Undergrad: 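Following this message is one structure expressed as structure tokens.
Quick note on labels: first sequence line is chain A, next is B, and so on, each numbered from 1. Because the structure is a prediction, the values reported are computed rather than measured. Below, each value reflects all heavy atoms present in this structure, side chains not excepted, and no hydrogens, waters or symmetry copies.
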Protein chains: 2
Amino acid sequence: MPLVTSIRTSTRNRGSRRTEILEAAAVLFAARGFHGVSIEDIGSAVGISGPALYRHFSGKDALLAEMLLDVSERLRSAGAQVVTGTGTPDEMLDTLIQGQIAFALSHPALITVHDRELGNVAEPQRRAIRRLQRLYAEEWVTVLSELHPACPAADLRAATHAVFGLLNSTPHSAGEVPHETMAPLLHRMARAAFAAIVSGR
Amino acid sequence: MPLVTSIRTSTRNRGSRRTEILEAAAVLFAARGFHGVSIEDIGSAVGISGPALYRHFSGKDALLAEMLLDVSERLRSAGAQVVTGTGTPDEMLDTLIQGQIAFALSHPALITVHDRELGNVAEPQRRAIRRLQRLYAEEWVTVLSELHPACPAADLRAATHAVFGLLNSTPHSAGEVPHETMAPLLHRMARAAFAAIVSGR
DNA sequence: TGTGGATGTTAGTCATCATTAACTGATTCG
DNA sequence: CGAATCAGTTAATGATGACTAACATCCACA
């Protein structure tokens with residue numbers, strides 16, 4: 001019995017509820033972990049209550065899976081666009097870094113959930129998410145390998161994950177520094193970290 | 001009815017069971033999150049079953065709290081020793097980085113739990129853990145502020161957390177590269193990242 | 001020798017939670 | 001105007017899980 005009858009006039013607001021739920025769930029999952037959040041919690045965060053979620057998702061697991069799949073896909077496709085496009089490897093790396101920073105700063109909860117909760121996704125979709133994550137990381141590694149041809153790919157992979165850790169730290173140290181300061185700071189640190197890969201003492 | 005009667009001869013192995021439990025729990029918490037692990041899971045991981053844990057800890061919450069308190073305390077005290085000792089700021093920073101890397105490489109599960117699960121600790125002890133974490137970070141900031149006197153403390157704090165993210169990434173990208181390669185790589189990247197704090201383009 | 005404490009065990013208990021059922025009001029569209 | 005579909009609601013249901021109770025061993029030691 002929705003007391004507030006739909007304010008939205010027409011077109012039925014396609015999918016807005018789904019994304020609204022996904023966003024609220026991301027914040028809750030980031031704060032308390034997947035198993036620490038109940039269906040009722042998520043529902044009441046968007047003003048509906050409990051089992052109404054099943055009108056939009058087939059279950060809690062499916063909700064998490066879709067969230068992670070969506071994030072992984074967005075990152076990977078943004079990355080692919082960079083690598084496909086024109087530019088020197090150096091410029092590509094800058095663009096990749098900038099994209100990751102922009103995403104981490106604007107969707108901190110999603111980033112947090114993204115690298116914490118994969119273990120709670122069941123096997124059919126787990127593999128798909130892992131694959132997208134791997135593809136995304138491989139794009140970074142490909143660019144890096146042009147800048148450091150002598151460096152073993154395994155090291156480049158490790159360095160990439162380390163820089164992901166650096167860039168994704170924003171959700172944890174959030175609020176203290178404005179984005180306009182944070183973004184260039186992180187960018188410089190990431191560039192410098194990559195430049196230090198070379199094993200020259 | 002312990003079929004295997006105590007192999008340990010004497011002195012009752014003070015507290016060995018406690019630490020054994022803490023270590024097993026850390027691995028499980030890191031993999032599936034605090035709420036994703038049951039008391040029964042932890043018990044069977046150390047060969048006892050379920051409620052036997054209550055002979056060692058007053059509850060699941062207390063177990064997590066003690067785990068985080070212990071890690072935070074170990075890191076902070078190691079950090080304090082560095083800062084108190086002699087040496088140039090540059091050397092101190094190297095020592096701090098080295099200590100963090102050594103800890104992250106040898107206790108990946110603890111590091112993971114440490115920066116994920118604070119939100120699941122209740123308020124009396126949450127504050128204590130936060131305090132230790134803050135003190136530890138402040139030690140890094142103090143050293144950094146001698147190297148970058150012109151830089152605002154807030155930026156140094158953000159940079160410190162970013163480097164924590166970089167160094168603590170090891171658990172996620174583990175196994176691919178041997179420690180002997182990983183440790184110096186991370187060290188170089190961390191040093192370079194800190195050197196890039198200076199806002200000079 | 002036998003008593004007490006430390007450690008376990010198994011069998012409840014009580015809450016919480018994901019999911020399903022049954023039912024209701026609106027909107028759209030023929 | 002209906003009838004269908006969408007998007008909610010509240011009330012079960014069934015599992016799981018934290019914690020407690022009652023009971024058993026073993027070891028140290030007086």
Undergrad: Identify whether the distance between the nearest side-chain nitrogen and carboxylate oxygen of B/Arg18 and B/Asp70 falls below 4.0 Å.
TA: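 No salt bridge links B/Arg18 with B/Asp70.
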
Undergrad: Using only atom types and a distance under 3.5 Å, with no angle test, would you say the side chain of A/Arg126 pairs donor to acceptor with the backbone of A/Val121?
TA: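 Flag set: sc A/Arg126 to bb A/Val121 pair under 3.5 Å.
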
Undergrad: Just the rounded figure in Å: distance from P of C/dT19 to CD1 of A/Ile42.
TA: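 A/Ile42 atom CD1 is separated from C/dT19 atom P by 10 Å.
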
Undergrad: Could you state the atom-to-atom distance from CD of A/Glu40 to P of C/dT20 in whole Å?
TA: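 About 16 Å, once rounded to whole Å.
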
Undergrad: Given atom CD1 of B/Ile39 and atom P of D/dG17, what is their separation to the nearest angstrom?
TA: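 Going from CD1 in B/Ile39 over to P in D/dG17 covers 11 Å.
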
Undergrad: Consider only side-chain N and O atoms of B/Asp115 and A/His172, and report whether a donor and an acceptor are under 3.5 Å apart.
TA: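 No donor-acceptor contact under 3.5 Å links the two side chains.
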
Undergrad: Would you say B/Ser44's side chain and B/Glu40's backbone share a donor-acceptor pair under 3.5 angstrom?
TA: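 Looks like yes, one N/O pair under 3.5 Å.
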
Undergrad: Go nucleotide by nucleotide along DNA chain C from the 5' end; which of A/Pro51 and B/Ile48 gets its closest nucleotide reached first?
TA: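 Closer to the 5' end of DNA chain C: B/Ile48.
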
Undergrad: Please list, by residue number, the residues of residues 22-35 of chain A whose heavy atoms come closer than 4.0 Å to an atom of DNA chain C; answer none if no residue qualifies.
TA: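 Those residues: none at all.
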
Undergrad: Grab the OH-P distance between A/Tyr54 and C/dC17 for me, whole Å please.
TA: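 Answer to the nearest Å: 12 Å.
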
Undergrad: As a test of reading the structure: which of C/dG8, D/dT9, D/dA18 is closest to the side chain of B/Ser38, going by heavy atoms?
TA: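 Within the option list, the nearest is D/dA18.
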
Undergrad: To the nearest Å, how far apart are B/Asp41 CG and D/dA18 C1'?
TA: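 Distance, rounded to whole Å: 12 Å.
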
Undergrad: Should the pair B/Glu138-B/Arg134 be classified as a salt bridge under the 4.0 Å nitrogen-to-oxygen rule?
TA: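 No salt bridge links B/Glu138 with B/Arg134.
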
Undergrad: Round to the nearest Å and state the distance from A/Arg18 atom CZ to D/dA7 atom P.
TA: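 Answer to the nearest Å: 10 Å.
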
Undergrad: Side chains of A/Tyr136 and A/Gln100: donor-acceptor distance under 3.5 Å anywhere?
TA: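 Yes - a donor-acceptor pair under 3.5 Å links their side chains.
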
Undergrad: Going by heavy atoms closer than 4.0 Å, what residues in residues 55-71 of chain B are next to DNA chain D?
TA: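 Per residue number, the list reads B/Arg55, B/Gly59, B/Lys60.
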
Undergrad: Please state whether the rings of A/Phe103 and A/His107 are parallel, tilted or perpendicular, taking 30° and 60° as the class boundaries.
TA: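 Rings of A/Phe103 and A/His107: tilted, 30 to 60°.
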
Undergrad: When the distance from CG of A/Leu53 to P of D/dC6 is rounded to whole Å, what number comes out?
TA: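 Taking atom P of D/dC6 as the reference, CG of A/Leu53 is at 17 Å.
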
Undergrad: If only side-chain N and O atoms count, and only distance matters, is there a donor-acceptor pair under 3.5 Å linking A/Asp94 with A/His187?
TA: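 The answer is yes; a qualifying pair exists.
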
Undergrad: Please state whether the rings of A/His161 and A/Phe164 are parallel, tilted or perpendicular, taking 30° and 60° as the class boundaries.
TA: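 A/His161 and A/Phe164: perpendicular rings.
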
